[in-house]
There are 2 protein chains.
Amino acid sequence: MNQKLKDQYDARARVLKALAHPSRLMIVDELSRQERCVAELTEMVGSDMSTVSKHLATLKNVGIIRDEKRGSQVYYSLVVRCIPNFFGCIESVLQANARQYLSLVELKIK
Amino acid sequence: MNQKLKDQYDARARVLKALAHPSRLMIVDELSRQERCVAELTEMVGSDMSTVSKHLATLKNVGIIRDEKRGSQVYYSLVVRCIPNFFGCIESVLQANARQYLSLVELKIK
DNA sequence: TCGTCACTTGGCGATATTACCAAATAAGCA
DNA sequence: TGCTTATTTGGTAATATCGCCAAGTGACGA
């Protein structure tokens with residue numbers, strides 16, 4: 001098995017893993033609209049600030065977002081602008097699932 | 001916090017989580033080219049067949065792939081054709097990271 | 001019907017993720 | 001310099017994921 005290819009899948013998986021959490025998706029979504037400091041994101045997400053800070057570190061580690069210190073606050077912004085385009089595709093997965101589920105329910109009713 | 005919105009992020013995260021594993025990415029990539037039975041995918045991934053079977057179940061559970069039994073074999077195929085488009089975007093993340101890393105190295109050399 | 005092949009499921013140990021609290025750091029102000 | 005605010009980091013318990021082996025299921029040919 002080609003090691004170079006394996007490394008590439010590892011690298012991709014690391015990026016997807018960083019995205020694969022509801023709070024982090026919420027953060028990315030918000031940052032796609034405007035930059036935000038940690039306090040604002042914490043308020044939005046509704047977890048402890050330390051938890052949100054760790055989510056932000058996770059996203060920053062894979063290069064999806066970046067931070068900029070201004071005074072005592074740290075502002076985060078989205079670097080990779082194409083990420084939100086994912087969601088359309090994911091939505092189509094979810095809708096397909098919903099349709100399938102509905103048709104199963106229909107079958108049971110009949 | 002809007003519960004409906006939270007549910008939506010949960011649902012999206014479930015789909016991304018299903019994708020976020022090197023072996024599963026390899027499988028999706030392969031299935032984007034052609035349908036494959038479990039034995040073929042097992043050979044390609046290089047893990048135990050039971051492991052691959054569980055990866056396939058994970059992908060099937062979120063509706064990304066589907067299975068079709070033919071005789072004693074089970075063929076899997078990609079349902080959501082837009083998934084491979086993700087990779088272009090992810091690649092851009094990785095390349096941006098690589099550039100950043102290189103420039104850091106350059107700075108250290110100087 | 002028995003055995004085999006292709007696959008899935010159960011179980012389990014090893015490892016990773018997550019969230020919280022508490023403590024550390026860093027900046028700005030009194 | 002000491003205090004407060006904003007954020008990160010360390011520690012830890014609860015939970016989830018992963019991969020293997022062993023056992024179960026289902027189709028098919030002998």
Side-chain angles (χ1 to χ4, degrees), chain A residues 1 6-7 9-28 30-31 34-78, chain B residues 1 6-7 9-28 30-31 34-78:
Chain A
M1 173 47 48
K6 208 151 207 163
D7 287 347
Y9 288 117
D10 281 357
R12 289 177 179 181
R14 244 175 281 125
V15 175
L16 283 175
K17 227 164 159 181
L19 282 170
H21 187 287
S23 301
R24 293 197 291 267
L25 286 179
M26 195 184 291
I27 289 168
V28 167
E30 180 65 12
L31 296 184
Q34 59 209 292
E35 61 166 25
R36 290 291 195 188
C37 70
V38 183
E40 290 170 327
L41 293 170
T42 298
E43 148 93 46
M44 195 190 66
V45 169
S47 309
D48 193 89
M49 183 180 275
S50 70
T51 300
V52 172
S53 178
K54 279 173 186 174
H55 282 314
L56 290 166
T58 300
L59 291 168
K60 188 186 152 192
N61 274 337
V62 297
I64 292 175
I65 64 174
R66 67 192 190 85
D67 61 342
E68 190 190 332
K69 189 150 200 173
R70 286 193 216 130
S72 61
Q73 284 164 305
V74 179
Y75 281 85
Y76 283 90
S77 55
L78 192 63
Chain B
M1 172 48 49
K6 208 152 208 161
D7 286 347
Y9 288 118
D10 281 357
R12 289 177 178 181
R14 245 174 282 124
V15 174
L16 283 175
K17 228 165 160 181
L19 282 171
H21 187 287
S23 301
R24 293 196 291 266
L25 286 179
M26 193 184 291
I27 288 168
V28 167
E30 180 65 12
L31 295 184
Q34 59 209 293
E35 62 168 23
R36 289 291 194 188
C37 70
V38 182
E40 290 169 327
L41 294 170
T42 296
E43 148 94 45
M44 195 189 68
V45 169
S47 310
D48 193 90
M49 182 179 276
S50 70
T51 301
V52 172
S53 178
K54 279 173 186 174
H55 283 313
L56 290 166
T58 300
L59 291 168
K60 187 186 152 191
N61 274 338
V62 298
I64 292 175
I65 63 175
R66 68 193 188 85
D67 62 341
E68 190 190 331
K69 189 152 200 173
R70 287 194 214 129
S72 60
Q73 284 164 305
V74 179
Y75 282 84
Y76 283 89
S77 55
L78 192 61

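So that the names make sense, note that chain A is the first sequence line, chain B the second, and so on, each numbered from 1. Treat the numbers as computed from the prediction; the structure is a model and nothing was measured.
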> Is the distance from OP1 or OP2 of C:dA19 to the nearest side-chain N or O of A:H21 less than 4.0 Å?
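For C:dA19, OP1 or OP2 has a side-chain N or O of A:H21 closer than 4.0 Å.
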> Apply side-chain contact (heavy atoms from CB on, under 4.5 Å) to the pair B:L56 and B:D67, showing each step before the final yes or no.
CA-CA 9 Å; B:L56 290 166; B:D67 62 341; over 6 Å; no
> C:dA6 P sits how many Å from B:E68 CD, rounded?
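Between P of C:dA6 and CD of B:E68: 18 Å.
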> Between D:dC18 atom C1' and B:L56 atom CG, what is the distance in whole Å?
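That distance rounds to 15 Å.
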> Side chain of A:R36, backbone of A:T42: donor and acceptor closer than 3.5 Å?
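Such a contact is absent between A:R36 side chain and A:T42 backbone.
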> Looking at the side chain of B:S47, which of D:dT8, D:dC20, C:dT8 is the nearest nucleotide?
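Side chain of B:S47 sits closest to D:dC20.
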> Check every strand shown and say whether A:K60 touches a base, only sugar-phosphate, or nothing at a heavy-atom separation below 4.0 Å.
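No contact at all - A:K60 keeps every heavy atom at 4.0 Å or more from the nucleic acid.
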> Give the rounded distance in Å between these two atoms: CG of A:L41 and P of D:dA6.
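Nearest whole value for this atom pair: 14 Å.
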> Using heavy-atom distances to pick each residue's nearest nucleotide on DNA chain D, tell me which of A:E40 and B:S23 is more 5'.
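First, find each residue's nearest nucleotide; the 5'-ward one identifies A:E40.
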> Carefully, step by step, assess A:E40 and A:Y75 under the rule side-chain contact (heavy atoms from CB on, under 4.5 Å).
CA-CA 10 Å; A:E40 290 170 327; A:Y75 281 85; 4.3 Å; yes
> What string of B, S and - do you get for nucleotides 21-30 of chain D, 5' to 3', when a contact is any protein heavy atom under 4.0 Å?
BB----SS--
> Working to the nearest 0.5 angstrom, can you tell me the gap between B:L25 CG and B:L19 CG?
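Going from CG on B:L25 over to CG on B:L19, the span is 6.5 Å.
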> Return the value, rounded to whole Å, for the distance between atom CZ of A:R14 and atom P of D:dT17.
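That distance rounds to 20 Å.
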> State whether the side chain of B:T58 and the backbone N or O of B:K54 hold a donor-acceptor pair below 3.5 Å, judged by distance alone.
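Answer holds: yes.
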> Quick check on C:dT17: is either OP1 or OP2 less than 4.0 Å from any side-chain nitrogen or oxygen of A:K17?
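Yes, because at least one side-chain N or O of A:K17 sits under 4.0 Å from OP1 or OP2 of C:dT17.
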> Expressed as a whole number of angstroms, how long is the span from A:D67:CG to C:dA27:C1'?
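Interatomic distance, CG of A:D67 to C1' of C:dA27: 15 Å.
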> Would you kindly give the CZ-to-C1' distance between A:R24 and C:dA19, to the nearest whole Å?
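Rounded to whole Å, this separation is 12 Å.
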> Is there a side-chain contact (heavy atoms from CB on, under 4.5 Å) between B:D10 and B:R14 once you walk through the steps?
CA-CA 6 Å; B:D10 281 357; B:R14 245 174 282 124; 3.8 Å; yes
> Which heavy atom in B:I65 sits nearest to a heavy atom in B:Y76, and how many Å separate them?
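Heavy-atom minimum between the residues: CD1-CD2, 3.5 Å.
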> In whole Å, what is the span from the NE2 atom of A:H55 to the P atom of C:dA16?
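After rounding, the gap between these two atoms is 19 Å.
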> So what does B:Y76 touch, heavy atoms closer than 4.0 Å: a base, only the sugar-phosphate, or nothing?
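Sugar-phosphate contact only.
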> Send over the distance from A:Y75 OH to C:dA26 P, rounded to a whole Å.
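The distance from OH of A:Y75 to P of C:dA26 comes to 20 Å, rounded to the nearest Å.
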